[in-house]
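Predicted, not measured: the structure shown is a model, and the values here were computed from it. Sequence lines set the chain letters: A, B, ... in the order given, protein chains first and strands last, and positions in each chain run from 1. Keep in mind that the numbers below use all heavy atoms, side chains included, and drop hydrogens, waters and symmetry copies.
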Amino acid sequence: MNPRVRFAPSPTGQLHLGGARTALSNFLFAKNQGGQFLVRIEDTDLERSKQEHTDQICDSLSWLGLNWDDELVYQSSRTDVYQESLALLLDSGKAYRCFASKKELEKVREETGSYQYTGIWRNRSNSEIEKELGKGTAFTIRLRTPDTDNTRFKDIIYGEISVSNSEIDDFIVARSNGSPVYNFTNVVDDHGMGITHVIRGDDHISNTPKQLLIYQALGWDIPEFAHLPMILGQDKKRLSKRHGATGVQTYRDEGYQPDALLNYLALLGWNPGTEEEILTLEDLVKKFDLSQVQKKGAVFDQKKLNWISGQHLSMQDNRDILSQARAINSEWGMTKPDDFCLAVAELIKPRSKSLVDLMGQSGYFFHDPSGFDERDVRKTWKHDTPEIIESVISILDSISGEKAAELETSFKDYMEANNLGFAKVMKPVRLALCGNVNGPSLFEIMSLLGKETTLSRLRMALNNF
RNA sequence: GGCCCGUUCGUCUAGUGGUUAGGACUCCAGGUUUUCAUCCUGGCAACAGGAGUUCGAUUCUCCUACGGGCUACCA
């Protein structure tokens, strides 16, 4: 049987890293097993659910390359199905109406000092129920849960988990306004969608026994479960807005790309069993194994993400880099031909952590430097520098070619002949050309910039300093 | 409070009843480089604590501590 899994976000915000990791695990498992990956929008909380969030989540998933099979399933469109199942439970006596008001329940809680429902309406006579129904009293529907034995399941990641049924009270499956609650819709939909493996965050471990009881009450087959550990912030608490950037969208805007982000996320709590760390989505699909996932939460480490991102970027095709960079900033490099931009990408990518980083480092290729740092100027522009720059200008003037290797030869000849150190010459040249004192090979830069621009910037520096 | 779960370098992790407890990121040092980054080499750094089982436990069991999650007419 081919597995069917689902990612079930609630559209109350953009897709965050934790959600992305859950989606990724589902995707990897499905594709690894030749199964299907579905997406269900859990929008039963009308207050907080917004279509724009759904759109944003789907955008993020698509951008990541986590494409889902079949149509999106919206819980809000399945109210009939829930009502049917609810009726089934009521008819079979597996669930019952509870007419206790919130106030009443609060009082009981205070008296017993426990949150557990005491079963006030568990065993009422038909006439009592009819009477309340006749009065039009609002009621919730509660599952009639067993008092004895344990409810247990074997989690693919955590192994055997068991909870005493005495710990589980007759919990609500439908609110007094008739709407079903999460634990219920979740089960009904997973069953209805033919989900074989429920892969979700471990914050749902405690919900699972309740859901198991619902499956049993409805007489349905129980899927397998795999609970993924949480992604944590530096403080070891579950990653949240408090920790800063947590949205996939933000990472996209900052120039991180899908393969890098996915690679890092996959490595949070899992490893391929080898010492390889740089993996494409395709690699991940091939190697992913749920049962090897770590049980403990993993702290999100921006530094390692940066490293992984840099590794991916270094290996990335320049054309791809150019188009991805323009997806972030459509203006980038538009003043120059594409070939020029590709050469820039080639030069800058090994020293970049993200596309934004790459674009930020490449400014001087596209426009003359401005706003020279006072300290850099003081440190590199000495009293005899103008003389050197004059010589450099005349050398460049006399050379016909613009190849980096030729330039290098000419410079070296000049420096040797005049007994000048490399730094003595190159540092001010770099300052004049780039506006700062570090970057890739100057010969490559001069070659790319071309003689005209190079000379004009050198002359400009001569006038300015 | 109750219940469930977890605990190997700062972080992500590998690993075994007997290992010099391995790798990666970060950090530090050296090398390469005109510079910075990359890259290469080297270094710092961990089995939460206590019992028990055992000839021997980081590894198995229990307890404690710490951390996390759930405990809603949220999802």
Side-chain angles (χ1 to χ4, degrees), chain A residues 8-12 42-45 47-49 75 98 100-102 105 113-116 138-142 155 157-159 161-164 166-169 171-183 185-186 200-210 227 229-230 232 234-238 264 267-271 273-278 292 294-308 310-311 314 348-353 357 361 376 380 408 411-412 415 420-431 434 436-443:
Chain A
S10 56
T12 55
E42 308 227 323
D43 55 352
T44 51
D45 184 343
E47 299 275 310
R48 297 195 297 155
S49 298
Q75 287 196 321
C98 169
S101 67
K102 279 189 189 176
L105 290 173
S114 158
Y115 280 97
Q116 286 224 352
F139 62 88
T140 57
I141 300 176
R142 291 181 181 272
D155 190 280
I157 293 167
Y158 283 89
I161 291 176
S162 167
V163 177
S164 167
S166 61
E167 294 294 332
I168 305 174
D169 65 356
F171 60 93
I172 290 173
V173 289
R175 304 182 184 91
S176 50
N177 66 6
S179 68
V181 302
Y182 162 77
N183 277 134
T185 57
N186 207 263
R200 72 228 302 193
D202 74 7
D203 48 338
H204 290 289
I205 287 183
S206 305
N207 288 322
T208 308
K210 289 182 177 177
H227 288 95
M230 304 268 92
L232 315 175
Q234 295 295 329
D235 56 1
K236 305 259 187 186
K237 293 197 191 301
R238 182 215 216 127
Y264 177 66
L267 254 27
L268 235 35
W270 174 82
N271 72 296
T274 63
E275 285 180 356
E276 287 176 281
E277 295 205 283
I278 303 304
Q292 295 303 309
Q294 200 84 10
K295 294 185 184 73
K296 68 166 179 176
V299 175
F300 184 82
D301 181 8
Q302 183 71 36
K303 293 236 175 79
K304 183 124 187 188
L305 203 216
N306 281 343
W307 179 74
I308 286 179
Q311 295 289 313
S314 296
I348 305 296
K349 69 181 180 183
R351 51 208 306 124
S352 305
K353 298 302 176 202
D357 184 18
Q361 285 191 57
D376 287 344
T380 46
E408 185 163 0
F411 269 72
K412 281 188 170 160
M415 286 182 272
L420 288 166
F422 251 64
K424 186 101 179 128
V425 178
M426 302 311 272
K427 281 195 169 182
V429 170
R430 182 181 294 281
L431 182 72
C434 308
N436 58 41
V437 291
N438 49 49
S441 161
L442 262 177
F443 305 113

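Side-chain N/O atoms of A:Asn271 include none lying less than 4.0 angstrom from OP1 or OP2 on B:U13.
Rounded to the nearest Å, the gap between the P atom of B:A24 and that of B:C66 is 35 Å. B:C60 and B:G17: their P atoms are spaced 9 Å apart (whole Å). With P as the reference atom, B:A37 and B:U32 are 15 Å apart, rounded to whole Å. Across B:U59 and B:A48, the matching P atoms stand 8 Å from one another, rounded to whole Å. Rounded to a whole angstrom, the distance from the P atom of B:A45 to that of B:G23 is 14 Å. Taking the P atoms as reference points, B:U54 lies 29 Å from B:G15, given to the whole Å. Using atom C1' as the reference point in both B:A46 and B:U8, the two lie 6 Å apart (nearest Å). To the nearest whole angstrom, the two C1' atoms, one in B:U19 and one in B:G56, are 14 Å apart.
Atom OH of A:Tyr115 has 12 or fewer heavy atoms from other residues, nucleotides or ligands within 6.0 Å.
Across all strands shown, the partner of B:C70 is B:G2, judged by Watson-Crick or G-U wobble contacts whose two distances both fall under 3.5 Å. Checking B:U35 for Watson-Crick or G-U wobble geometry (two distances, each under 3.5 Å) identifies no partner in any strand. Pair assignment for B:U59: none, as no Watson-Crick or G-U wobble contacts are both less than 3.5 Å. The pairing partner recorded for B:A65 is B:U7, the criterion being a Watson-Crick or G-U wobble arrangement whose two distances lie under 3.5 angstrom. The partner of B:C44 cannot be assigned: no Watson-Crick or G-U wobble pair with both contacts below 3.5 Å exists in any strand.
Considering only residues two or more places apart in sequence or on other chains, A:Arg238 meets the salt bridge (charged side-chain N to carboxylate O under 4.0 Å, His left out) condition with A:Asp203. Qualifying side chain to side chain donor-acceptor pair (under 3.5 Å) partners for A:Lys304, counting only residues two or more places apart in sequence or in other chains: A:Glu277. Residues that satisfy the ring pair (Phe, Tyr, Trp, His ring centres under 6.0 Å) test with A:Tyr182, not counting sequence neighbours, are A:His204. In terms of the salt bridge (charged side-chain N to carboxylate O under 4.0 Å, His left out) criterion, A:Lys210 has no residue partners (sequence neighbours excluded). A:Phe171 is linked by a ring pair (Phe, Tyr, Trp, His ring centres under 6.0 Å) to nothing, counting only residues two or more places apart in sequence or in another chain. For A:Ser164, the side chain to side chain donor-acceptor pair (under 3.5 Å) partners at least two apart in sequence or on another chain are A:Ser166. A:Glu276 meets the salt bridge (charged side-chain N to carboxylate O under 4.0 Å, His left out) test with A:Lys287; sequence neighbours excluded. With sequence neighbours left out, A:Asp169 forms a side chain to side chain donor-acceptor pair (under 3.5 Å) with no residue at all. With sequence neighbours excluded, no residue forms a salt bridge (charged side-chain N to carboxylate O under 4.0 Å, His left out) with A:Asp155.
Counting non-hydrogen atoms under 4.0 angstrom, A:Ser49 reaches nothing in the nucleic acid. Within the nucleic acid shown, A:Glu408 has no heavy atom closer than 4.0 Å to any nucleic acid atom. As judged by a 4.0 angstrom heavy-atom cut-off over every strand, A:Gly273 is placed among residues making no nucleic acid contact. Within the 4.0 angstrom heavy-atom criterion, base atoms lie near A:Val437. Across all strands, A:Leu268 comes closer than 4.0 Å only to sugar-phosphate atoms, never to a base (heavy-atom distances).
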Give the B/S/- string for nucleotides 24-29 of chain B, one per nucleotide from 5' to 3', where a protein heavy atom under 4.0 Å of the base yields B, of only the sugar-phosphate yields S, and otherwise -. BSS---
B/S/- contact track for nucleotides 62-75 of chain B, protein heavy atom under 4.0 Å: ------SBS-SBBB
Taking it one step at a time, do A:Phe411 and A:Phe422 satisfy ring pair (Phe, Tyr, Trp, His ring centres under 6.0 Å)? CA-CA 9 Å; A:Phe411 269 72; A:Phe422 251 64; 8.6 Å; no
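Within the model, atoms CD of A:Gln361 and CG of A:Asn438 stand 8.5 Å from one another, a figure rounded to the nearest 0.5 Å. To the nearest 0.5 Å, atoms NZ (A:Lys424) and CE (A:Met415) are separated by 13.0 Å.
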Please tabulate, one pair per line, each protein N/O and nucleotide N/O from nucleotides 42-48 of chain B that are separated by under 3.5 Å, including the distance.
none

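For A:Lys296, the listed nucleotide lying nearest its side chain is B:U13; candidates were B:C3, B:U13, B:U11.
Atom CD in A:Gln294 sits roughly 12 Å away from atom C1' in B:G15 (whole-Å rounding). Distance CZ (A:Arg430) to C1' (B:A37): 11 Å, rounded to an integer number of Å. Distance, A:Lys427 NZ to B:U34 P: 12 Å, rounded to whole Å. In this entry the distance linking CG of A:Asn438 with C1' of B:U38 reads 13 Å, nearest Å. Following rounding to the nearest Å, A:Asn306 (CG) and B:U11 (P) show an atom-to-atom distance of 19 Å. Summarising the geometry, the separation between NZ on A:Lys295 and C1' on B:U59 is reported as 14 Å, rounded to the nearest angstrom.
Counting heavy atoms from C-beta on, the side chains of A:Ile168 and A:Pro209 come closer than 4.5 Å.
The nearest heavy atom of RNA chain B to A:Gln292 and to A:Ser164 marks one nucleotide each, and the one closer to the 5' end goes with A:Ser164.
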